[in-house]
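Beneath this line is the structure, given in structure tokens, with notes to follow.
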Amino acid sequence: MRTNYCGLVNKKYLGSKVNVVGWVHRRRDHGGVIFIDIRDREGILQVVVDPDSAEAFDVAEQVRNEFVIQVTGLVRDRPDGTVNDSLISGQVEVLVEKIIILNSADPPPFLMDDEKITESVRLEYRHLDLRRPEMQKNIRIRHKVGMLVRNFLNNEGFLDIETPMLTKSTPEGARDYLVPSRIHEGQFFALPQSPQLFKQLLMIAGYDRYYQIVKCFRDEDLRADRQPEFTQIDIETSFLHSDEIMKMMEEMVRYVFDKSADIKLPDPFPRISFHDAMDKYGSDKPDMRIELVLTELTQAVKDVEFKVFRDAVNRKDGRVAALRVPNGSQLTRREIDDYTEFVKTLGAKGLAYIKINDIDNIAEGLNSPILKFISDDIIRKILHLTEARSGDIIFFGADKRKIVNDSLGALRLKVGTEKKLLSKQWMPIWIVDFPMFEFNEDEKKWNSLHHPFTSPAEGDEAFLKDDPGKALSKAYDMVINGWEIGGGSIRINDIKIQKKVFEALDISETLAQEKFGFLIKALNSGAPPHGGIAFGLDRIVALICQVDSIRDVIAFPKTQRAQDLLVDAPNLVEEKQLRELNLKLRKKNKVDE
RNA sequence: GGAGCAUUAGUGUAGCGGUUAACACGUCGCCCUGUCACGGCGAAGACCACGGGUUCGAUUCCCGUAUGCUCCGCCA
């Protein structure tokens with residue numbers, strides 16, 4: 001049917017006869033001569049239909065946008081002055097001898113080079129959206145990233161091993177997608193949130209280096225970077241220290257970014273502790289491109305009169321911190337009000353600030369509603385600690401530590417982006433030294449920060465029993481430009497420590513046996529030191545493609561309400577299907593007729 | 001569960017307490033032999049998301065619902 005891809009026809013084929021097939025991108029009918037831009041996945045080719053070939057001309061007049069056509073003709077130079085440099089094939093054109101309509105098409109709801117289509121229309125007509133060159137590019141980069149990952153890991157001796165999709169529901173973690181078992185009445189499989197335990201079992205089984213590019217499922221609410229089904233690059237190794245794993249994974253990521261999009265990432269990636277990341281950036285996934293940092297002020301303002309500060313200082317989980325914005329004194333009242341509203345949505349009660357017009361004149365060079373509550377001494381201290389200069393503004397957060405970090409951390413991103421206080425560099429960073437646990441205020445118990453199989457840091461096993469909040473773990477997260485793209489850890493391979501961690505998490509011996517009995521058994525049968533990491537493939541590809549949402553790198557994504565607008569899923573099922581599964585709906589729904 | 005923004009021909013937008021609801025692209029027809037976002041002339045195409053309220057009168061103002069997106073909660 002075809003001798004060449006449309007987009008790849010060039011001067012090399014001058015004088016030869018080609019057969020091309022593709023979609024009609026655009027038709028320009030000049031009455032006497034008709035140009036058709038024919039498009040396939042490689043690009044666009046202009047074909048010319050001359051009235052001399054009456055039969056072809058007749059067909060060309062019937063052709064419409066998005067028809068599928070086959071064209072036979074001669075590749076020739078374009079006449080002087082009609083070269084189109086924006087096409088790879090733009091030096092040449094094909095003089096049509098024969099044109100066949102392989103299939104007609106309804107007029108599409110949008111043109112394939114329209115860039116202003118709203119997302120719901122794109123999702124409803126995803127098969128057309130995916131025809132658009134931009135989506136074709138993204139999906140191909142995704143393919144390339146996958147292949148590069150496989151190349152790299154294959155070269156390092158990793159084995160691709162599949163793990164089950166129908167598996168077991170586990171406590172903790174995200175909400176599971178459940179699959180009812182027909183054979184076992186009242187029982188359910190769960191779709192994997194990740195192959196975590198299987199890959200540990202593979203290490204115990206001696207496969208030494210495992211990887212898998214695999215779908216994972218979490219029934220939680222969606223975000224721009226979160227879909228209910230997403231793809232992990234799942235990796236596990238035996239007999240490697242965390243430094244060795246991190247070094248190898250960095251290399252992989254550098255290789256993938258370089259070879260897929262010629263993006264050069266630094267070597268090595270810098271590292272920062274979880275504690276410092278929260279302290280300086282108010283986030284465990286800081287966007288290091290943004291130049292702004294938080295300044296710790298809790299101690300510095302401990303004797304201040306200002307009630308908002310004093311209350312924060314006096315509570316045991318309180319924090320007072322500042323965000324200095326260079327040249328921010330030019331911010332309008334309106335902008336500051338907007339920022340105040342913004343931090344309120346994140347739990348802050350307000351947003352105190354000081355505008356610094358003249359730093360050498362404390363008495364009159366500052367502008368702020370809170371000055372009268374703060375002594376000159378403390379103001380000098382604040383100005384010194386934040387390294388303020390004339391023309392700056394300083395925003396303050398004073399509340400529970402979490403609220404201060406969330407609100408100033410988010411404000412840092414917002415102001416940094418809006419005021420363009422960011423570098424154009426790619427800024428990967430490792431977050432290390434995570435705490436083992438964080439305290440869940442609602443349930444009054446400790447939860448794993450990573451997962452319950454993460455090894456405590458050397459020597460920190462001692463804290464597990466009496467002071468779990470103090471224990472650090474051997475976990476590491478990779479963050480690029482504020483996107484958490486991967487996380488992993490050295491795992492526990494000592495059953496005694498695993499049991500202590502279960503205890504700290506308030507997972508009873510019975511529950512541990514019931515849910516993780518197979519792991520406990522395996523840990524008792526010669527478990528090697530092991531650890532690994534899992535990357536979010538969708539996020540990596542989105543970064544490389546420089547799109548804002550992973551939906552733009554997933555062929556068939558779901559909407560924020562977790563629906564597929566193209567196939568209209570999920571949907572109601574037949575009563576018969578429910579009966580086979582021994583299921584009964586609690587509220588009666590109308591079943592589709 | 002909560003907050004915000006949006007919803008007007010096929011698509012993307014404008015508009016406004018009383019309009020013939022405007023523009024661009026697309027579509028259809030006629031004309032056109034070198035265009036490439038071809039051009040010219042003409043035409044068709046909208047219950048202004050849905051339900052309620054305010055009003056003499058609502059596409060416009062208010063409330064609710066639905067849907068899409070962003071964020072919080074949630075995501076070991």
Side-chain angles (χ1 to χ4, degrees), chain A residues 25-39 44-52 57 64-66 78-87 89-90 93 95 106-125 128-129 170-176 193-194 196-197 216-228 230 338 341-348 402-403 406-407 410 413-414 434 436-438 440 442 446-454 473 475 484 487 489 501 505 507 534 536 548-549 551 557-561 563 565:
Chain A
H25 188 68
R26 226 181 218 99
R27 190 181 66 127
R28 290 178 294 282
D29 185 345
H30 288 242
V33 62
I34 298 174
F35 299 96
I36 298 174
D37 290 338
I38 172 168
R39 185 192 69 241
I44 288 172
L45 172 67
Q46 171 169 288
V47 302
V48 190
V49 191
D50 209 88
D52 297 345
F57 196 82
R64 293 293 180 273
N65 282 342
E66 301 307 312
R78 290 190 177 202
D80 282 348
T82 63
V83 164
N84 185 345
D85 289 325
S86 60
L87 300 180
S89 67
E93 64 187 15
L95 180 64
D106 293 338
F110 50 83
L111 292 183
M112 296 310 121
D113 51 7
D114 194 341
E115 277 160 15
K116 291 189 295 190
I117 332 155
T118 53
E119 194 158 359
S120 56
V121 173
R122 290 176 51 201
L123 291 175
E124 191 180 341
Y125 299 95
L128 296 178
D129 186 36
T170 53
E172 286 208 89
R175 195 176 293 115
D176 285 316
Q193 295 178 23
S194 90
Q196 181 59 36
L197 292 171
C216 301
F217 306 86
R218 294 178 190 177
D219 187 3
E220 298 293 349
D221 287 346
L222 291 80
R223 292 284 189 280
D225 62 352
R226 274 165 36 189
Q227 285 270 305
F230 61 101
D338 284 350
E341 284 310 305
F342 175 71
V343 296
K344 279 183 180 171
T345 68
L346 298 163
K402 180 169 170 18
I403 288 175
D406 286 352
S407 55
L413 285 181
K414 189 175 169 69
F434 283 87
M436 282 288 285
F437 310 104
E438 68 186 340
N440 182 328
D442 296 336
W446 293 95
N447 283 352
S448 290
L449 205 68
H450 260 80
H451 56 60
F453 320 105
T454 304
S473 73
E484 187 199 319
S489 64
V501 169
L505 291 169
I507 296 176
D548 293 328
S549 160
R551 291 186 302 275
K558 293 182 177 49
T559 66
Q560 194 162 49
R561 293 189 69 249
Q563 278 183 309
L565 294 185

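What's counted below: heavy atoms across the whole structure, side chains too, no hydrogens, waters or symmetry copies. Every chain is numbered from 1, with letters handed out A, B, ... down the list of sequences.
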Nearest-Å distance for atom pair [atom1]/[atom2], residues [X] and [N]:
| X | N | atom1 | atom2 | result |
| --- | --- | --- | --- | --- |
| A/Leu123 | B/A6 | CG | P | 21 Å |
| A/Asp221 | B/G2 | CG | P | 12 Å |
| A/Gln560 | B/G4 | CD | P | 15 Å |
| A/Leu111 | B/G10 | CG | C1' | 10 Å |
| A/Asp548 | B/U70 | CG | C1' | 11 Å |
| A/Arg27 | B/G26 | CZ | C1' | 13 Å |

Can you tell me how far [atom1] in [N] sits from the matching atom in [M], rounded to whole Å?
| N | M | atom1 | result |
| --- | --- | --- | --- |
| B/C69 | B/U33 | P | 49 Å |
| B/G4 | B/A44 | C1' | 40 Å |
| B/C74 | B/C16 | P | 42 Å |
| B/G45 | B/G29 | C1' | 15 Å |
| B/A14 | B/A24 | C1' | 11 Å |

Ion pair present between A/Glu119 and A/Arg551, side-chain N to carboxylate O less than 4.0 angstrom? yes

Exactly one of A/Asp37, A/Asp114, A/Asp113 should register a salt bridge (Lys or Arg N to Asp or Glu O under 4.0 Å) with A/Arg26. Which one does? A/Asp113

Report the residues that fulfil salt bridge (Lys or Arg N to Asp or Glu O under 4.0 Å) with A/Arg78, sequence neighbours left out, ordered by chain and then residue number. none

Students often get this wrong, so: under 4.0 angstrom with heavy atoms, is [X] touching a base, only sugar-phosphate, or nothing?
| X | value |
| --- | --- |
| A/Thr170 | nothing |
| A/Arg223 | base |
| A/Ala410 | nothing |
| A/Leu449 | sugar-phosphate |
| A/Arg551 | sugar-phosphate |

With B for base contact, S for sugar-phosphate-only contact and - for none (protein heavy atoms under 4.0 Å), nucleotides 31-36 of chain B reads -BBBBB

So does A/Arg226 reach the base of B/C74 with its side chain, donor to acceptor, closer than 3.5 Å? yes

Which base sits across from B/C16 as a Watson-Crick or G-U pair, both distances under 3.5 Å? none

Using a cut-off of 6.0 Å, state whether more than 12 heavy atoms not belonging to A/Asp52 lie near its atom CG. yes

